Amino acid sequence: MGIRSWTAARSSEGRLRRAFFDRPATGLARALLGARLRVAGPNGARTARLVEVEAYLRGDPASHAYRGRTRRNRSMFRSPGTLYVYRIHQVVCANLVARRGEAVLLRAAAIEGDGDPREGRGPGRLCRALGITIADDGATVVGPGRFVVYGPARSPRVVRRGPRIGIRRAAERPLRFWLEGEPSVSRPRRTTASASPTRSRDGGRYPRSRTRSRPSSGGGRRGGRTAGR
DNA sequence: CCTCGGATCAGCT
DNA sequence: GCTGATCCGAGGA
């Protein structure tokens with residue numbers, strides 16, 4: 001289901017509404033690139049422009065929701081626009097819930113305002129830079145609260161896609177999306193963290209589909225269907 | 001209960 | 001490039 005009307009999905013100030021998030025995570029991931037996440041805190045607000053995201057889908061073995069609902073992943077089954085924050089090792093990572101059971105991992109952002117924009121490099125650092133903690137799990141960005149997401153500027157941008165990072169299952173699926181030329185984006189990884197060093201199967205080349213998003217041609221996604229599965 | 005390993009990151013070779 | 005930190009959730013016994 002596509003977004004029927006973009007004006008219905010954004011407020012006049014560009015704030016994204018629930019309808020914007022209520023769709024498959026792949027499309028939401030792409031659409032979120034360039035969007036701004038604003039987090040209010042005791043010392044004022046910080047805003048970050050999203051430059052790298054990953055989609056986690058229904059029936060996706062890499063998704064935390066794959067084996068059904070548990071205490072940890074319950075936020076993934078809440079309404080679109082909910083934050084799903086989980087802990088890994090010593091850090092937390094944040095997702096935005098798409099349609100039920102799907103989510104978009106926020107992998108990297110350019111931090112705006114004071115400080116180093118690269119503080120938002122990587123999902124753990126992104127959360128740290130914005131002050132997102134495990135206590136924010138289950139919060140929403142489409143209602144009252146400390147979180148707001150503003151839609152991407154309607155300016156040209158080049159979206160690239162490739163395999164997700166740091167996962168073992170379904171690692172080949174090209175569900176990571178990023179903006180070309182952004183310094184906060186994760187460096188391409190050549191070898192998947194695997195026990196076998198010499199085991200590179202496709203030579204590290206994946207089909208990069210480039211999608212141009214233009215100011216007023218909202219729906220014009222073009223060709224670039226890659227060898228996804 | 002116990003074991004396993006991770007949607008990471010910093011630091012080292 | 002590779003390893004360890006560090007700890008909790010998930011899943012099996």
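Keep in mind that the numbers below use all heavy atoms, side chains included, and drop hydrogens, waters and symmetry copies. Throughout, a chain's letter reflects where its sequence line sits, starting with A, and its residues are numbered from 1. All values derive from a computational prediction rather than experimental measurement.
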I need the [atom1]-[atom2] distance between [X] and [N], as an integer number of Å.
X: A:R121; N: B:dA10; atom1: CZ; atom2: C1'; value: 13 Å
X: A:E54; N: B:dT8; atom1: CD; atom2: P; value: 7 Å
X: A:R128; N: B:dT8; atom1: CZ; atom2: C1'; value: 11 Å
X: A:I167; N: B:dA7; atom1: CD1; atom2: C1'; value: 7 Å
X: A:I88; N: B:dA7; atom1: CD1; atom2: P; value: 5 Å
X: A:R176; N: B:dT8; atom1: CZ; atom2: C1'; value: 14 Å
X: A:E102; N: B:dA7; atom1: CD; atom2: C1'; value: 15 Å
X: A:R74; N: C:dG9; atom1: CZ; atom2: C1'; value: 13 Å

> For C:dT6, which nucleotide is its Watson-Crick or G-U wobble mate, given both distances must be under 3.5 Å?
Replying inline: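 Here C:dT6 is not engaged in any pair, so there is no nucleotide opposite it.
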>> Using Watson-Crick or G-U wobble geometry with both distances under 3.5 Å, which nucleotide pairs with B:dA7?
In response: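 Pairing partner: none.
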>> Once you apply a heavy-atom cut-off of 4.0 Å, does A:Q90 come out as touching a base, just sugar-phosphate, or nothing?
In response: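 Since a base atom lies under 4.0 Å of A:Q90, the category is base.
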> Is A:R164 touching bases, backbone alone, or none of the nucleic acid, heavy atoms closer than 4.0 Å?
Replying inline: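 Since no nucleic acid heavy atom lies under 4.0 Å of A:R164, the category is nothing.
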Does [X] make a side-chain N or O approach to OP1 or OP2 of [N] shorter than 4.0 Å?
X: A:R87; N: C:dC7; value: no
X: A:R125; N: B:dA10; value: yes
X: A:H64; N: B:dA7; value: yes
X: A:R71; N: C:dA10; value: no

>> Does the Lys NZ or Arg CZ of A:R23 fall within the cation-pi geometry relative to A:F21 - under 6.0 Å from the ring centre and within 45° of the axis?
In response: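 No - A:R23 does not lie over the ring of A:F21 by the 6.0 Å and 45° rule.
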> Under 4.5 Å between any side-chain heavy atoms of A:P183 and A:R118, yes or no?
Replying inline: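 Yes; the side chains approach each other to less than 4.5 Å.
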> Is a donor on one side and an acceptor on the other found under 3.5 Å between the side chain of A:S63 and the backbone of A:D60?
Replying inline: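 No; zero donor-acceptor contacts below 3.5 Å.
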> Between the main-chain N or O of A:S75 and the side-chain N or O of A:D137, is there a donor-acceptor pair closer than 3.5 Å?
Replying inline: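 Not confirmed, A:D137 side chain does not pair with A:S75 backbone.
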> Does the side-chain ring of A:Y86 sit on the six-membered ring of the B:dA7 base, less than 5.5 Å centre to centre and under 30° in tilt?
Replying inline: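 By the stated criterion, A:Y86 and B:dA7 do not stack.
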Output the single nucleotide from [options] whose closest atom is nearest the side chain of [X].
X: A:R107; options: C:dA10, B:dA7, B:dG6; value: B:dA7
X: A:R168; options: B:dA7, B:dT8, B:dG6; value: B:dG6
X: A:H89; options: B:dA7, B:dG6, C:dG11; value: B:dG6

> C:dT6 and B:dC2: how far apart are their P atoms, nearest whole angstrom?
Replying inline: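 The same atom, P, in both gives a distance of 23 Å.
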>> Strictly below 4.0 Å, N to O, side chains only: are A:E180 and A:R160 in salt-bridge contact?
In response: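 Looking at A:E180 and A:R160, the cut-off is met.
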> With a 3.5 Å cut-off and no angle check, do the side chains of A:S11 and A:E13 form a donor-acceptor pair?
Replying inline: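 A donor-acceptor contact under 3.5 Å links the two side chains.
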